[in-house]
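Read the numbers this way: they start at 1 and go in the same order the structure lists the ligands and their atoms. Heads up: numbering here begins at 1 and tracks the sequence.
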Amino acid sequence: MQTEVEAPMAEPLRVGNGVAVSGVRKAYGDVVALDGVDLRVTAGEVVAVVGPSGCGKSTLLSLVCGLDTPDAGTVDAPEAALMPQRDGLLPWLSALDNAALALRVGGASKKEARAAAHSHFVRFGLEGFEKTRPAALSGGMRQRVAFLRTLLAGRPLLCLDEPFGALDALTRTQAQAWLAEALAKDPRTVLLVTHDVEEAVLLADRVVLLSPRPGRVMSVLDVPLARPRSRTDRAVVELRERALAALGVAP
Ligand code: ADP
Ligand code: MG
């Protein structure tokens, strides 16, 4: 059973304000990563950004998180917590201390931070692995520790950069179900980057399709489907095929 310390996550719906990206351009030297990108995420919405490798998805997240500034255009976003493309766990810290890191950075004592992080370990399937170092965790567990850390940062906006990109198909399916469940229990505004169209349709309220570099918004698909969703639902399959067609990939 979960002990109810439930620090930041137990507060009611903290979805903050939405995200508004307008006319954004970002280049690295001669490489134009993004050009003329417009994107809206309404508070509480899960928006997935899908596009081929190198089209500027990670760049877009770093702009939304305020880690970098656009060359042109504007980015308006609430405080965000970023789950980076590589899990970003510190190899010398235990799973518990990695999960608690954002709370520590936010000023909590070691004891408070550990207690708050630990209160989620059962729900995140991490019980018994508190003292384990990242290298000894499975890929799925590392992703869950990284996600818990992102969630515990207590920011209204979560920016998730290919959170399941490194997982095998089975673990990935489980991780998607578990993310959907975590967001159902603790709603946030989410910008989810993925190269997996099916993952986008399973998890998002809207799917934004980016062109090859320089990334531009090619189309936006609404996903007005009830949750939980299954990859075998007819509507999910249809939307997935529409998205693939829009990306120019034969389903
Ligand atoms: P994606 O996440 O969609 O794969 P990225 O945003 O990582 O794409 O990168 C977009 C393009 O910008 C790529 O061509 C990449 O090589 C380039 N790029 C990204 N970050 C930098 C950087 N810090 N310096 C130079 N080039 C970069
Ligand atoms: Mg990337």
Side-chain angles (χ1 to χ4, degrees), residues 19-41 46-77 80-90 134 139-140 142-147 149-151 153 155 157-169 171-172 175-176 179 188-204 206-221 223 240 243-249:
V19 177
V21 172
S22 305
V24 157
R25 175 189 164 90
K26 180 71 184 173
Y28 301 100
D30 293 339
V31 176
V32 181
L34 296 170
D35 198 12
V37 170
D38 295 305
L39 179 76
R40 295 283 179 282
V41 187
V46 178
V47 170
V49 174
V50 182
S53 186
C55 76
K57 302 182 296 297
S58 295
T59 299
L60 180 62
L61 287 194
S62 68
L63 296 173
V64 169
C65 291
L67 300 176
D68 209 343
T69 49
D71 300 329
T74 57
V75 175
D76 185 14
L82 173 66
M83 179 172 167
Q85 193 160 1
R86 267 163 271 149
D87 61 39
L89 298 181
L90 302 179
R142 279 199 298 276
Q143 300 295 328
R144 292 202 289 275
V145 173
F147 180 67
R149 178 167 79 186
T150 311
L151 215 51
R155 305 277 168 81
L157 173 65
L158 303 182
C159 289
L160 310 178
D161 198 351
E162 307 209 20
F164 313 129
L167 302 180
D168 61 78
T171 320
R172 193 178 175 98
Q176 287 163 351
L179 174 62
R188 305 284 178 104
T189 305
V190 179
L191 194 52
L192 165 75
V193 160
T194 175
H195 58 248
D196 182 342
V197 167
E198 185 176 78
E199 180 167 291
V201 172
L202 283 172
L203 295 173
R206 278 187 306 131
V207 180
V208 173
L209 302 170
L210 293 184
S211 66
R213 199 181 71 220
R216 289 192 177 90
V217 177
M218 292 198 300
S219 50
V220 180
L221 288 179
V223 189
R240 178 180 152 270
L244 286 170
L247 284 167
V249 183

Undergrad: Quick check for you: within a radius under 2.8 Å, how many protein N, O or S atoms neighbour the Mg ion (ligand 2)?
TA: 2

Undergrad: Which protein heavy atom lies closest to atom 14 (O) of ligand 1, and at what distance to 0.1 Å?
TA: R213 NH1, 2.7 Å

Undergrad: What protein heavy atom lies closest to atom 19 (C) of ligand 1? Include the residue and the distance to one decimal.
TA: Y28 CE1, 3.3 Å

Undergrad: Main chain of L167, side chain of T171: is a donor-acceptor contact present, judged purely on distance under 3.5 Å?
TA: no

Undergrad: So, D38 side chain and G23 main chain: donor-acceptor pair closer than 3.5 Å or not?
TA: yes

Undergrad: For the backbone of R40 and the side chain of R206, can you confirm whether one donor and one acceptor N or O come within less than 3.5 Å of each other?
TA: yes

Undergrad: Taking D76 for the side chain and A20 for the main chain, is one N or O donor matched with an acceptor at less than 3.5 Å?
TA: no

Undergrad: Sub-3.5 Å donor-acceptor pair from the side chain of R155 to the main-chain atoms of L82, do we have one?
TA: no

Undergrad: Hey, is ligand 1 close enough to C55 that some N/O pair sits below 3.5 Å?
TA: yes

Undergrad: Ion pair present between D196 and R172, side-chain N to carboxylate O less than 4.0 angstrom?
TA: yes

Undergrad: Would you say atom 16 (O) of ligand 1 makes contact with the protein, given that contact here means a non-hydrogen protein atom less than 4.0 Å away?
TA: no

Undergrad: Roughly how far apart are Q176 CD and L202 CG, rounded to 0.5 Å?
TA: 5.5 Å

Undergrad: What is the nearest protein non-hydrogen atom to atom 8 (O) of ligand 1, stated with its residue, atom name and distance?
TA: G56 N, 3.2 Å

Undergrad: Mark yes or no for whether T150, through its side chain, and A153, through its backbone, hold a donor-acceptor pair below 3.5 Å.
TA: no

Undergrad: Tabulate below the donor-acceptor pairs under 3.5 Å that side-chain atoms of residues 58-65 make, not counting sequence neighbours, or state none.
TA:
{"unit_1": "S58", "atom_1": "OG", "unit_2": "Q85", "atom_2": "OE1", "d": "3.0"}
{"unit_1": "S58", "atom_1": "OG", "unit_2": "D161", "atom_2": "OD1", "d": "3.4"}
{"unit_1": "S58", "atom_1": "OG", "unit_2": "D161", "atom_2": "OD2", "d": "2.6"}
{"unit_1": "T59", "atom_1": "OG1", "unit_2": "Y28", "atom_2": "OH", "d": "3.2"}
{"unit_1": "S62", "atom_1": "OG", "unit_2": "T59", "atom_2": "O", "d": "2.8"}

Undergrad: A33 to ligand 1: N or O pair under 3.5 Å?
TA: no

Undergrad: Could you tell me, atom by atom, which parts of ligand 1 come under 4.0 Å of a heavy atom of S58?
TA: 1 (P), 2 (O), 6 (O), 7 (O)

Undergrad: Taking the side chain from K57 and the backbone from G51, do they hold a donor-acceptor pair closer than 3.5 Å?
TA: yes

Undergrad: For V217 and L209, run side chain to side chain contact (heavy atoms under 4.5 Å, CB included): C-alpha distance rounded to whole Å, both residues' side-chain angles, the deciding distance at 0.1 Å, then the answer.
TA: CA-CA 6 Å; V217 177; L209 302 170; over 6 Å; no

Undergrad: How far is atom 9 (O) of ligand 1 from its nearest protein heavy atom, and which residue and atom is that?
TA: T59 OG1, 3.9 Å

Undergrad: May I ask you to list the atoms of ligand 1 that are less than 4.0 angstrom from any heavy atom of G54?
TA: 1 (P), 3 (O), 4 (O), 8 (O), 10 (C), 11 (C), 13 (C)

Undergrad: In terms of atom number and element, which parts of ligand 1 are under 4.0 angstrom from non-hydrogen atoms of S53?
TA: 4 (O)

